[in-house]
Amino acid sequence: MKKIIAAASFTAILLVSCTPKAATSTATAGTSTSTAEQIAQGKTIFENSCGRCHKLPDPASHNPVQWVGIMNSMAPKAKLTDEQHQWVYDYIVSVKK
C-alpha cells in the first residue's frame, strides 16, 4: 500500500512539475531558497507543527526527492503556508546524513 501511495505521489509530482505555472513556493527537490534564519524557523515549525501529531522522523532518513512527496502531503495537514512549507523543507534537506 505504501508503494502505491509513493508511486501515486511521485506521478502527481511529475505531472504538476510539467505544467506551466506562475511562481510557486512549494518544495522542489534539491533547491534551497531560504536564508539561515528562515531555515532555523523551519526547524522550529518542524518540531512544533509536525511533532504535535506524530513522532518526528529523522530528516536524514529520506532523500530530498522523497521529502518533496512527504512535505506535499503533510504540509496541508499541518496548515503550513507556502513560505513555511519551503522553510521546513529547506531545514530538513539541510540536515547532514
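Lys77 places none of its side-chain heavy atoms less than 4.5 Å from the side chain of Cys53. Within the 4.5 Å cutoff, no side-chain heavy atoms of Met74 are placed close to those of His85. Between Pro57 and Trp67 there is a side-chain heavy-atom pair separated by less than 4.5 Å.
Residues Ser34 and Ile39 share a closest heavy-atom pair of CB-CG1, 3.8 Å.
Distance SG/Cys50 to CD1/Ile92: 6.5 Å, rounded to 0.5 Å. Note that CD1 of Ile45 and OG1 of Thr81 are 7.0 Å apart. Values are rounded to the nearest 0.5 Å. Rounded to the nearest 0.5 angstrom, Trp87 CH2 and Ser94 OG are separated by 14.5 Å. Going from atom OG1 of Thr35 over to atom CG of Asp90 covers 9.5 Å, rounded to the nearest 0.5 Å. We find the NE2-CE distance between His62 and Met71 to be 12.5 Å, quoted to the nearest 0.5 Å. Interatomic distance, Thr44 OG1 to Gln84 CD, rounded to the nearest 0.5 Å: 11.0 Å.
For the residue pair Asp82/Gln86, the side-chain donor-acceptor check at 3.5 Å is not satisfied.
Between the side chain of Tyr91 and the backbone N or O of Gln38 there is no donor-acceptor pair closer than 3.5 Å. Judged by distance alone, the side chain of Ser49 and the main-chain N or O of Phe46 form no donor-acceptor pair under 3.5 Å.
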